[in-house]
Amino acid sequence: MTQQQRAPEPRGDDWKVWARRLMQHLGQTRIPLVQQTGEEPAADDGLLMWDRENKYPVVSKDGAWVQIVLEDGQYSGAITADQTAAAINTAYALTYTSSVAEGITNGTPSSRLVFAEAGQYMVSFSAQIASTSSSTVNFWFWPRINGTDVAGSTMKNALHQNNAVLVVSRSAIFDVSAGDYLEAMWAVDSTSGFLEATAATAFAPAAPASTIAITRLHG
């Protein structure tokens with residue numbers, strides 16, 4: 001237990017002085033989080049403190065201070081217009097418009113989703129693929145982190161008929177550092193293939209061409 005958390009011990013016979021000191025201590029420690037300055041030991045599990053440098057709460061666990069993840073690590077974005085490829089077999093980055101952006105923001109270029117804090121994040125992706133060809137059209141989707149393709153991460157799907165439409169989706173977990181950025185990439189082997197945004201009808205809402213949702217799991 002740190003010195004900040006210890007109640008004052010009685011000294012001598014003047015119990016009134018000790019009582020005043022005890023009330024002062026309770027007033028200072030009962031409401032605000034104890035401030036962590038960097039030298040406090042985590043010998044006892046379950047001690048809650050506020051990390052002043054990184055600006056988040058931490059709890060002692062197995063001899064270490066572990067971050068308590070706050071709600072500032074979310075992103076929800078959509079693309080509400082058709083997406084076409086100018087050239088076949090060429091990688092293009094998708095650019096989302098956010099409806100929720102807490103600790104994850106569009107960077108420069110805006111296809112980059114930038115993480116303010118390090119951690120482990122769940123990323124859920126979907127795309128509505130369509131084709132105007134009766135021949136087979138192949139689509140590829142994959143993530144890039146800091147401009148580098150993530151190995152073993154590609155989704156491939158195909159449409160085999162004219163006016164075919166299909167939704168493809170996947171969720172994956174990524175470990176990122178503060179300042180890292182993620183991009184959702186896609187490619188197609190025919191310009192007849194595209195990502196389709198469907199307008200609302202009298203009985204159903206609109207369907208975006210692509211969506212992405214990111215949630216922070218751990219610090």
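FYI, the numbering just counts along the sequence from 1.
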Looking at side-chain heavy atoms only, is the closest gap between [X] and [Y] below 4.5 Å?
X      : Y      : value
Leu94  : Ile79  : yes
Glu183 : Ser111 : yes
Leu195 : Asp82  : no
Ile129 : Asn157 : yes
Ile212 : Leu113 : yes

Shortest non-hydrogen contact from [X] toward [Y]:
X      : Y      : result
Ser169 : Met155 : O-SD, 3.6 Å
Asn146 : Asp180 : ND2-OD1, 3.0 Å
Gly179 : Val114 : O-CG1, 4.1 Å
Ala130 : Val165 : CB-CG2, 4.0 Å
Ile214 : Tyr121 : CG2-CD2, 3.8 Å
Ser153 : Arg170 : O-NH1, 3.1 Å

When you measure from the side chain of [X] to the backbone of [Y], do you find a donor-acceptor pair of N or O atoms at a distance under 3.5 Å?
X      : Y      : value
Thr201 : Ala204 : yes
Ser133 : Ser135 : yes
Ser210 : Ser126 : yes
Arg216 : Ala118 : yes

Under 3.5 Å, is there a donor-acceptor pair linking the side chains of [X] and [Y]?
X      : Y      : value
Ser124 : Ser171 : yes
Thr215 : Gln74  : no
Asn89  : Asp189 : no
Tyr75  : Asn106 : yes

For the atom pair [atom1] ([X]) and [atom2] ([Y]), what is the distance rounded to the nearest 0.5 Å?
X      : Y      : atom1 : atom2 : value
Glu196 : Thr132 : CD    : OG1   : 10.0 Å
Arg112 : Arg144 : CZ    : CZ    : 10.5 Å
Phe115 : Ile104 : CZ    : CD1   : 5.0 Å
Gln120 : Asp175 : CD    : CG    : 4.5 Å
Ser190 : Leu159 : OG    : CG    : 10.5 Å

How would you list all residue pairs meeting ring pair (Phe, Tyr, Trp, His ring centres under 6.0 Å) that involve residues 133-186, not counting sequence neighbours? Phe125-Phe141
Asp45/Lys61 ion pair, N-O < 4.0 Å: no
Given Ser131 and Gln161, is the side-chain hydrogen bond (donor to acceptor under 3.5 Å, both in side chains) satisfied, shown in steps? CA-CA 7 Å; Ser131 173; Gln161 62 200 49; over 6 Å; no
Worked check of side-chain contact (heavy atoms from CB on, under 4.5 Å) between Thr136 and Asn138: CA-CA 7 Å; Thr136 297; Asn138 293 292; 4.2 Å; yes
Derivation of the side-chain contact (heavy atoms from CB on, under 4.5 Å) call for Val188 and Val137: CA-CA 7 Å; Val188 66; Val137 178; 3.5 Å; yes
Val176 and Leu182: side-chain contact (heavy atoms from CB on, under 4.5 Å), yes or no, with the steps? CA-CA 9 Å; Val176 301; Leu182 170 74; over 6 Å; no
For side-chain contact (heavy atoms from CB on, under 4.5 Å), just list the numbers for Leu47 and Val59, CA-CA rounded to whole Å, side-chain angles, deciding distance to a tenth of an Å, and then say yes or no. CA-CA 5 Å; Leu47 300 179; Val59 64; 5.9 Å; no
